[in-house]
Protein chains: 2
Amino acid sequence: MATIGDVARVAGVSRSTASYALSGKRAISLEVRERVDSAVRELGYTPNAGARALATSQTHVLGLLVQFLEDEFAPAMLQYMLGISNVARELGYDILMVTDPDGARALERITDSRMVDGVILLNVADDDVRLPVLRSSGRPGALVGLPGDCTGLDVFDLDFAEAGRVMVDRLADLGHREIVLVSQPEHVVERGGAYVWRLRDAALAQASVRGVELHEVYGESQQPAVSRSLNAVLDAFPAATGLLLHNEAAAVALPAVLRARGLSSPHDLSVIGRYSDEFARTFALPFSSIDSAPDRLGRMAVRQVVRRIENPKLHEPHVVRFIPPELVERGSSAPVRPV
Amino acid sequence: MATIGDVARVAGVSRSTASYALSGKRAISLEVRERVDSAVRELGYTPNAGARALATSQTHVLGLLVQFLEDEFAPAMLQYMLGISNVARELGYDILMVTDPDGARALERITDSRMVDGVILLNVADDDVRLPVLRSSGRPGALVGLPGDCTGLDVFDLDFAEAGRVMVDRLADLGHREIVLVSQPEHVVERGGAYVWRLRDAALAQASVRGVELHEVYGESQQPAVSRSLNAVLDAFPAATGLLLHNEAAAVALPAVLRARGLSSPHDLSVIGRYSDEFARTFALPFSSIDSAPDRLGRMAVRQVVRRIENPKLHEPHVVRFIPPELVERGSSAPVRPV
DNA sequence: CGTAATCTTCGAACCGGTTCGACGATGAGC
DNA sequence: GCTCATCGTCGAACCGGTTCGAAGATTACG
């Protein structure tokens, strides 16, 4: 393959001149610039990424650390990944996708070997083992998901506490007095899925403020357990008139469960979920939901990392940004029926 | 960060000796090797990937080209991606994930700039515009999906023709005489989704051999069109006793459609789908299905690309390998009932 | 004991870019 | 006509590895 030396030779200039002609970092005569450009076209020259990375210490690659955990609903993660990949490309970066179950080791590997200029962490746990590695790596990194300790990190997440309040308020406003919150599996919480308890605690507090009885149960993430657990919930709380679903798998399973029991929403049960719009469309979910906005969060995270990469001197304070929950209306909540 | 020069200095040897001590490509005395190793530990040395790539012309990165098309069911694609990423890591490779809608340009970019040692193409169309780029890049590449022209390419795919025959045979053996095949949307076929017509043509041929009347219709990929079209099919062919689903969205939608019509499978209708086991589990699909085996296909593709990368001299002929369809039994087919 | 073979290590070149300092040519100002 | 900037270009060094050829030390062998 052609090197910049070949280009220089064909254009009849030195390597450095060819380099400056291409980068525009020094003034070059129009004539030489044109000779270089045409040599580039003639030879089909493309710079060697490794050589450039060596010379500039910049790879123009972002590491994307995802973990696909047993009890998580994988399709929901895909939304984040796609958003991130697309924004990165817009900004001129490629994505190194890392799915290694040992995220800390993988992160150390790609930063120490300088394969990436920065990283995005998905699936962040409250006490995430990747965070110390990220901090000591010295590379820019952004998280999608709020850990317990954010010092030195840029963090973006949905305001899950506010989401919990919005969900409760909506049903309380409609007169519901007994509702059930189906969370993620207990596993997810134990592993440090802080978003689960952030939403739950706020929902419980708001329910108490609003005089609503809120039952909180763990859901499941895989069939057939999901449907079984939904049925168990409906059996256990026959007087409940509202259902909050903080669990994608449960949201996907609920329509069939309701139909099988001869129930319909919102007639028999008001339901509000928490998932992305895209997710709702893919699975034809008929429930109103708090938009988890994976594309927006991914976009924010990438922009921030790229800002830091491209302005290394700029020592802006780190940000922790919550996006306010938005309730996407799909008509699955209604005033409670008089008994 | 520490370089191999630092390691050499601390160990009191030359850079080349340090390099050989680490790579083991030349005999090095035990004593020196130990001094180098301890210097590495002391300094926390990790080789610079860019420098190594420059020196060896190997990046140990594989490009993964995915396209997320409007009318394709994205979650199905995720299975392939994960399988590929995991196998790649086992073999010591990282994955550069490329989702650029202009796949041909993106492929040219990452190969010309030598960011990757090889590539895997997903979502391959019959006349895929990425194939000429791949061929002229000279890099190893494997496809998951069969294009019209396979010359110079390693191709892995499910044997969709055999899958069509197996589906038809199964129902024919059970005495069904009129069945319907729901394919992917017409769009997908027009865009070159060859697997659709490979399965269909074989199914039609086998139906004719077996004396079965096979109606073939295009399905939809998004709600609510999917359910509407399924209802239309059931209305149009009231005498059909079997249904073949070559369409993930239809498979996800069918249980609700059946229940709404008061039908059940296999009592009223024998159903056979084509999707992965993981997919069936995620959506609790109750239908027997031909396993699309995304993990196996991904694994085969990665192994082949890595083989070619690591044995560049080895000019093995290119392979086109079909994996035989396996019918995963979920009890959704039964002998046709006497009228 | 001399010489050849083997083992271990080193120096230098190379991979393909970028960037700094310098140098000759040109033009402006006095 | 001379000095001083400015402009355009070049050579050389550098980024951090790998690898080839050679050289010195050691051992084996006749």
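All values below were derived from every heavy atom in this structure, side-chain atoms included, with hydrogens, water molecules and symmetry-related copies excluded. To find a chain, count down the sequence lines: A is the first, B the second, and so on, and within it residues start at 1.
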Next on the checklist: Please check this pair: side chain of Ser137(A) against backbone of Leu134(A), looking for a donor-acceptor N/O pair closer than 3.5 Å.
Outcome noted: yes
Next on the checklist: Just the rounded figure in Å: distance from C1' of dG16(D) to OH of Tyr45(B).
Outcome noted: 7 Å
Checklist entry - Glu31(A) has an atom CD; how far is it from atom P of dT9(D), in whole Å? => result 8 Å
Checklist entry - Taking for each residue the nucleotide of DNA chain C with the nearest heavy atom, is it Ala55(B) or Ile28(B) whose nucleotide lies nearer the 5' end? => result Ile28(B)
Checklist outcome for this item: From NZ of Lys25(A) across to P of dT9(D) the rounded distance in Å is 18 Å
Item to check | Interatomic distance, Arg52(A) CZ vs dG16(D) P [rounded to whole Å] | outcome: 18 Å
Item to check | Separation of atom CD in Gln58(B) from atom P in dG17(D), rounded to whole Å | outcome: 17 Å
Item to check | 5'-most by nearest nucleotide on DNA chain C - Asn48(A) or Arg26(B) | outcome: Arg26(B)
Next on the checklist: Need one value for Ser19(A): base, sugar-phosphate or nothing, where a base atom within 4.0 Å counts as base even if backbone is also close, heavy atoms only.
Outcome noted: base
Next on the checklist: Given the structure, check if the side chain of Tyr20(A) and the base of dC10(D) hold any donor-acceptor pair shorter than 3.5 Å.
Outcome noted: no
Item to check | OP1 or OP2 of dG16(C) under 4.0 Å from side-chain N/O of Thr3(A) | outcome: no
Checklist entry - For Thr17(B) and dT9(C), is the shortest distance between a side-chain N/O and OP1 or OP2 below 4.0 Å? => result no
Item to check | Residue Arg109(B) excluded, over 12 heavy atoms near CZ under 6.0 Å | outcome: yes
Item to check | Over 12 foreign heavy atoms within 6.0 Å of CG, Asp127(A) | outcome: no
Next on the checklist: Heavy atoms only, 4.0 Å cut-off, all strands: where does Ser16(B) land among base, sugar-phosphate and nothing?
Outcome noted: base
Next on the checklist: Between Gln67(B) and Asn123(B), do the side chains contain a donor N or O and an acceptor N or O under 3.5 Å apart?
Outcome noted: no
Next on the checklist: Looking at Asp6(B) and Thr3(B), would you say the former's side chain and the latter's main chain have a donor-acceptor pair under 3.5 Å?
Outcome noted: yes
Checklist entry - In whole angstroms, how far is the C1' atom of dG16(D) from the CZ atom of Arg15(B)? => result 7 Å
Checklist outcome for this item: Between NE2 of His60(B) and P of dG17(D) the distance, given in whole Å, is 15 Å
Checklist entry - Nearest-Å distance, CG (Leu54(A)) to P (dT18(C))? => result 11 Å
Next on the checklist: When you measure from the side-chain N and O atoms of Ser29(B) to the phosphate of dT9(C), is any distance below 4.0 Å, counting only OP1 and OP2?
Outcome noted: yes
